[in-house]
Number of protein chains: 2
Amino acid sequence: MTPPAEKRTPLSRERVLRAAVALADDGGIESLSMRRLASELGVVPMALYKHVANKDELLDGVVDVVVGEIDPPGTGAGWKAAVRQRILSARSALQRHSWAAQVIESRSTPTSAVLAYLNSMIGLFREGGLSIDLTHHVMHAMGSRILGFSQELFTAAPAVEPPAPAAMAQLAGTFPYVAELARAAAHTEDSVVGAGCDDQFEFEFALDLLLDGIERLHRSGWMSAQ
Amino acid sequence: MTPPAEKRTPLSRERVLRAAVALADDGGIESLSMRRLASELGVVPMALYKHVANKDELLDGVVDVVVGEIDPPGTGAGWKAAVRQRILSARSALQRHSWAAQVIESRSTPTSAVLAYLNSMIGLFREGGLSIDLTHHVMHAMGSRILGFSQELFTAAPAVEPPAPAAMAQLAGTFPYVAELARAAAHTEDSVVGAGCDDQFEFEFALDLLLDGIERLHRSGWMSAQ
DNA sequence: TTGACAGGTGTACGGCGTACACCCTACCGT
DNA sequence: ACGGTAGGGTGTACGCCGTACACCTGTCAA
């Protein structure tokens with residue numbers, strides 16, 4: 001009995017993927033289910049399967065969306081600066097979608113967008129003059145950090161609870177070194193409120209530690225035993 | 001009607017955790033469900049909840065089991081050798097349970113076994129003479145590698161399929177640098193059949209890159225800007 | 001004897017991914 | 001004008017998941 005009404009714009013793979021990213025952005029990755037995504041799009045769950053083969057492919061798709069947000073490599077400057085800048089760009093893309101790292105890690109096979117990114121990254125090293133041999137090992141050494149992963153031990157939410165007064169005392173007794181380090185980190189909180197550590201600083205510290213080491217190996221003409 | 005029969009030994013938290021580890025060891029992490037675990041133990045699913053609060057706590061428990069397998073720190077030698085050896089021990093524990101890295105990463109809060117491990121790791125640096133400041137940033141820089149994580153971009157199963165002849169050609173066209181690197185890696189396969197890369201070598205390469213950089217910073221009296 | 005308690009059971013609910021059969025609409029060549 | 005085909009949305013159903021809740025049973029202390 002409803003008049004023709006405005007006919008909703010039909011689904012499309014792209015619309016599905018964008019909605020999936022949006023859904024994960026607010027609500028976290030665990031709220032991205034086929035059923036919820038469908039209802040978000042005002043559609044029955046099975047309708048999605050006309051546009052993505054299954055949930056795995058959906059996840060591959062959202063990974064491609066996120067990776068697509070990484071800036072293209074800059075020009076000029078040396079390989080070191082170019083690599084550094086690109087990785088920081090990747091990191092900021094990952095930070096815009098806090099669930100993305102976890103999803104990328106869960107994939108067993110790289111999507112072609114990821115391959116394209118890796119390809120251009122390898123290119124930066126090679127065109128910077130690094131040998132294939134060194135470039136190969138360097139890619140392994142950088143690992144997922146190349147995609148901007150922080151690789152922290154625990155993403156932790158202690159941002160919400162300060163140190164907790166009593167817990168701190170017990171910590172000091174059982175894990176004195178951890179406690180000492182936590183205290184030291186708390187002092188340096190010239191960053192935001194009580195977040196503890198300056199993630200950006202830590203990331204760049206680690207990144208530069210690696211890049212400097214690589215540069216040293218390169219300059220000394222390092223190569224693996226035969 | 002069955003006679004009293006031999007009464008099965010009752011469950012216990014430890015028996016549950018051991019069975020969970022065994023179940024994940026063969027069958028992978030996705031085959032570790034409360035229901036399957038229960039049936040493996042000849043018991044009804046809800047029985048498990050008398051020994052673990054919920055699945056999250058079960059996972060925390062299995063993490064503790066795995067972390068408990070890491071060798072205690074060695075004595076003598078310098079901090080660098082001690083750290084190196086301990087991390088390699090952690091790595092071998094993670095390799096014995098290939099699902100463990102993924103599980104540890106999925107936890108949002110460190111179990112106390114992990115904290116104990118971290119504590120002793122921090123201790124190695126501190127007792128080796130590194131400043132609190134440097135130790136702090138170093139712990140961040142090492143990140144999950146401290147637990148033996150490989151941090152490869154993709155664990156990939158290309159071990160089962162060699163390079164695939166046709167795919168390789170297309171790869172060369174679209175991603176020339178990736179292809180070049182893949183070819184280079186394939187040459188060096190002095191390791192096993194066609195696995196491609198020597199994971200152990202790559203891990204130690206990255207580890208030493210970091211440790212050498214850290215040692216250099218330490219010797220030069222590095223400290224963060226105030 | 002009683003009663004508390006630890007530990008195993010059975011039933012049930014709501015969520016998940018997705019197989020399969022269906023239907024409706026738009027567009028095609030005749 | 002007309003039947004055919006195909007793309008895209010639907011409805012139902014299955015088997016899996018984690019787990020809340022009420023229940024039963026055996027053991028041991030008081």
Side-chain angles (χ1 to χ4, degrees), chain A residues 1-24 26-63 99 102-103 106-109 111, chain B residues 1-24 26-63 99 102-103 106-109 111:
Chain A
M1 274 310 135
T2 55
E6 52 263 73
K7 44 179 34 178
R8 58 187 177 193
T9 63
L11 251 44
S12 73
R13 184 180 163 90
E14 204 205 344
R15 231 161 70 76
V16 168
L17 295 184
R18 274 209 311 263
V21 169
L23 188 56
D26 49 56
I29 191 59
E30 71 279 5
S31 73
L32 172 55
S33 72
M34 298 301 274
R35 294 171 120 104
R36 261 212 270 266
L37 177 54
S39 95
E40 202 76 14
L41 287 162
V43 109
V44 92
M46 289 309 295
L48 302 177
Y49 289 84
K50 293 286 156 82
H51 303 277
V52 297
N54 50 46
K55 183 159 187 190
D56 264 9
E57 208 203 79
L58 175 83
L59 291 177
D60 280 347
V62 307
V63 167
W99 42 269
Q102 192 180 336
V103 174
S106 77
R107 313 288 74 210
S108 59
T109 242
T111 67
Chain B
M1 275 311 134
T2 53
E6 53 263 71
K7 43 179 38 180
R8 57 186 177 196
T9 64
L11 251 42
S12 74
R13 185 179 162 90
E14 203 206 345
R15 230 161 71 77
V16 168
L17 295 183
R18 273 209 312 262
V21 169
L23 188 54
D26 48 55
I29 191 60
E30 73 278 6
S31 72
L32 173 55
S33 73
M34 298 299 275
R35 294 172 120 101
R36 261 211 270 268
L37 177 54
S39 95
E40 202 76 14
L41 288 163
V43 110
V44 91
M46 288 310 294
L48 301 177
Y49 289 83
K50 293 287 155 81
H51 304 277
V52 296
N54 51 44
K55 185 162 185 187
D56 263 8
E57 207 204 79
L58 175 83
L59 291 177
D60 280 347
V62 307
V63 167
W99 42 270
Q102 192 180 336
V103 174
S106 78
R107 312 288 76 209
S108 59
T109 244
T111 66

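Convention: sequence-line order gives letters A, B, ...; per-chain numbering from 1. Note that the coordinates shown come from a computational prediction; the quantities given were computed from them, not determined experimentally.
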> Mind checking what makes side-chain contact (heavy atoms from CB on, under 4.5 Å) contact with B:Ser39, not counting sequence neighbours?
Replying inline: none
>> For B:Leu41 versus B:Ala19, what's the shortest heavy-atom pair and its separation?
In response: CD2-CB, 3.7 Å
> CG of B:Leu48 versus C1' of C:dT9: gap in Å, rounded?
Replying inline: 12 Å
>> If I take atom CG in residue B:Leu59 and atom C1' in nucleotide D:dC17, what distance separates them, rounded to the nearest angstrom?
In response: 14 Å
>> Just to verify, what does A:Glu14 make a side chain to side chain donor-acceptor pair (under 3.5 Å) with, not counting sequence neighbours?
In response: A:Arg18
Expected rows: protein N/O vs nucleotides 22-24 of chain D N/O, under 3.5 Å:
none

> Which nucleotides of nucleotides 10-20 of chain C have their base under 4.0 Å from a protein heavy atom (B), which only their sugar-phosphate (S), and which neither (-), written as one string 5' to 3'?
Replying inline: B-B---BBBBB
> salt bridge (Lys or Arg N to Asp or Glu O under 4.0 Å) with A:Arg36: which residues, sequence neighbours excluded?
Replying inline: none
Show which side-chain atoms of residues 52-62 of chain A pair as donor or acceptor with protein atoms under 3.5 Å away, not counting sequence neighbours.
residue : atom : partner  : partner atom : Å
A:Asn54 : OD1  : A:Asp56  : N            : 3.2
A:Asn54 : OD1  : A:Glu57  : N            : 3.0
A:Lys55 : NZ   : A:Leu32  : O            : 2.9
A:Asp56 : OD1  : A:Arg107 : NH2          : 3.3
A:Glu57 : OE1  : A:Arg13  : NH1          : 2.6
A:Glu57 : OE1  : A:Ala53  : N            : 3.4
A:Asp60 : OD1  : A:Arg107 : NH1          : 3.4

> Between A:Gln102 and A:Ile29, does a side-chain contact (heavy atoms from CB on, under 4.5 Å) hold up when you go through it step by step?
Replying inline: CA-CA 9 Å; A:Gln102 192 180 336; A:Ile29 191 59; 4.2 Å; yes
> Phosphate oxygens OP1/OP2 of D:dG7: is one of them under 4.0 Å from a side-chain N or O of A:His51?
Replying inline: no
> Taking only residues two or more places apart in sequence or in another chain, which ones pass salt bridge (Lys or Arg N to Asp or Glu O under 4.0 Å) with B:Arg35?
Replying inline: none
> What's the shortest heavy-atom distance between B:Pro45 and B:Ala38, and which atoms?
Replying inline: CA-CB, 3.4 Å
